[in-house]
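Values below: every heavy atom of this structure, side chains too, minus hydrogens, waters and symmetry copies. Being a predicted model, the structure only gives us computed values, none of them experimental. Just so it is clear: chains get the letters A, B, ... in the order the sequence lines come, proteins before strands, and each one is counted from 1.
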There are 2 protein chains.
Amino acid sequence: MATSATREKILDVAEELFAHQGSRATSLRAITSAAGVNLAAVNYHFGAKEVLIEEVISRRLVTLNGQREQRLLEVRASAVAAGRRPETAEVLMAFVEPTLLFPQSGTGAGNFITLVGRAMADPDETARRIFVRLMQPVLQLFAELLAEAQPELAPEVLYWRLNFVIGALSHTMRGIDRCPLPLEIAVAKSAPELVRLLTGFLSAGMLAAP
Amino acid sequence: MATSATREKILDVAEELFAHQGSRATSLRAITSAAGVNLAAVNYHFGAKEVLIEEVISRRLVTLNGQREQRLLEVRASAVAAGRRPETAEVLMAFVEPTLLFPQSGTGAGNFITLVGRAMADPDETARRIFVRLMQPVLQLFAELLAEAQPELAPEVLYWRLNFVIGALSHTMRGIDRCPLPLEIAVAKSAPELVRLLTGFLSAGMLAAP
DNA sequence: GTCTATAGATTGATAGAC
DNA sequence: GTCTATCAATCTATAGAC
């Protein structure tokens, strides 16, 4: 049996604590006491802390990447059907929108987006390796579609611009429930507004003359 | 006496290990054995691990932020002298160029840029708090100059675009000595090329119609 | 300033009763 | 499946000889 009330409770609490402190700084005792379960339950259900980390990441990331992939393939299909190239703006929207709207998809999903926004920058090998492996296919597809939208762009320019896109997006993900930079002009924005602001910024950057 | 061979050796090794594993995952034993000094030397020279972390960050960040501030003030001064507004592209260049060229300013400075690129996303409160405090003044100045360059931009749009800039830059900093995203088209670039690519991308994003 | 030795706390993981 | 109790390892920090 894959599901169990205790198992799910552990996953939910671990997700929240990992998002705000990192997996390395979060002890199994902190998780089990906050979840109201016994310390030994973690090892009974997951075997090791590393497996718990992997499960916390993959549980929702598989779903999110499925949404991203579907949106990207729809963009490609409708471009092919119309006999045109995909547009940079719609490719970016297909990746960014599911990501920033994901917190609305279920309780605790907001913690998950913060967690994933940190995963790529995480100095902890364990978490980063798991994350990169799960992201590789959809990132590859994302890169292909951006290349189809701008075939005139040199591959290395496209590669680094894709990195700028991922950097801006993951920073936004980390700050989605609070203002990321502590400045006087800091103003919180709703997720749909952030989608619009971010895709507008990124489209202009991608389409800039090299 | 502020300098000592042992003290500097500890700082250099800690900088490298912190950059690649994070401060939390790096034990004092790992630092002292790699540095070839005694374990107790850390507490003799710094008093506590937290102070060592602060020292590693501030040692070079004060210098880097000084360069950034000087460049930003020069941009403002030359605009005032010419009776015009600062240009978005030159403001971005004043912040980005010293950052990405900093690794050439001394041995081990490349590790520092990787470290700082991670600091803002670091889940560890200690490192992030130290970092944010040191960054606040120059970030404030950076935001002011971007606002002077584009006074028509609503403050909240400017705030979030500044976040996109910082996100893209810090991601680039993390990957300056290797390719950040594991894709087939990954190609390493020299620091001056990255400066040009990044500022071009960011200028277009900042200047996009809202 | 540098060393050995160790205190004192916390960690991930497990054994075994129920 | 859940619990108590505990092991073995690791960590930061310090005391005190040299």
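Side-chain contact between A:Phe164 and B:Leu169: absent, with no pair of heavy atoms (C-beta onward) separated by less than 4.5 Å.
Relative to the six-membered ring of B:Phe201, A:Arg161 misses at least one condition, a distance below 6.0 Å or an angle of at most 45° to the axis.
Comparing the helix axis at one end of the helix from C:dG1-D:dC18 to C:dC18-D:dG1 with that at the other, each defined from 5 consecutive pairs, gives an inter-axis angle of 10° (nearest 10°).
Listed by first then second residue, pairs satisfying salt bridge (charged side-chain N to carboxylate O under 4.0 Å, His left out) with a partner in residues 189-207 of chain B read A:Glu156-B:Lys189, B:Lys189-B:Glu193, not counting sequence neighbours. Among residues at least two apart or in separate chains, salt bridge (charged side-chain N to carboxylate O under 4.0 Å, His left out) pairs with a member in residues 88-98 of chain A are A:Arg71-A:Glu97, A:Arg84-A:Glu90.
With respect to B:Glu125 and B:Arg129, a salt bridge is recorded, a charged nitrogen being found less than 4.0 Å from a carboxylate O. Ionic pairing of A:Arg118 and A:Asp124 is not present here: no N-O contact between side-chain nitrogen and carboxylate oxygen is shorter than 4.0 angstrom.
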Indicate every side-chain donor-acceptor pair of residues 135-144 of chain A with a distance under 3.5 Å to a residue at least two apart or in another chain.
unit_1: A:Gln136; atom_1: NE2; unit_2: B:Pro182; atom_2: O; d: 3.1
unit_1: A:Glu144; atom_1: OE1; unit_2: A:Arg76; atom_2: NH2; d: 3.3

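Near DNA chain C, meaning a heavy atom under 4.0 Å away, the residues from residues 13-31 of chain A are A:Thr26, A:Ser27, A:Leu28, A:Arg29. Using a 4.0 Å cutoff on non-hydrogen atoms, the parts of residues 38-55 of chain A near DNA chain D are A:Asn38, A:Ala40, A:Tyr44, A:His45, ordered by number.
Looking only at distances, no side-chain donor or acceptor of B:Arg128 sits under 3.5 Å from a matching main-chain atom of B:Met120.
A straight line from CD1 of A:Ile10 to P of C:dA13 spans 13 Å, rounded to a whole angstrom. Distance B:Glu8 CD to C:dG1 C1': 16 Å, rounded to the nearest Å.
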Derivation and outcome, salt bridge (charged side-chain N to carboxylate O under 4.0 Å, His left out), residues B:Glu54 and B:Arg133: CA-CA 11 Å; B:Glu54 177 154 11; B:Arg133 178 167 45 77; 2.9 Å; yes

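B:Thr6 has no side-chain polar atom (N or O) that falls below the 4.0 Å cut-off from OP1 or OP2 of C:dG1.
Using modelled atom types, one finds a donor on one side chain and an acceptor on the other under 3.5 Å when comparing A:Thr26 with A:Gln21.
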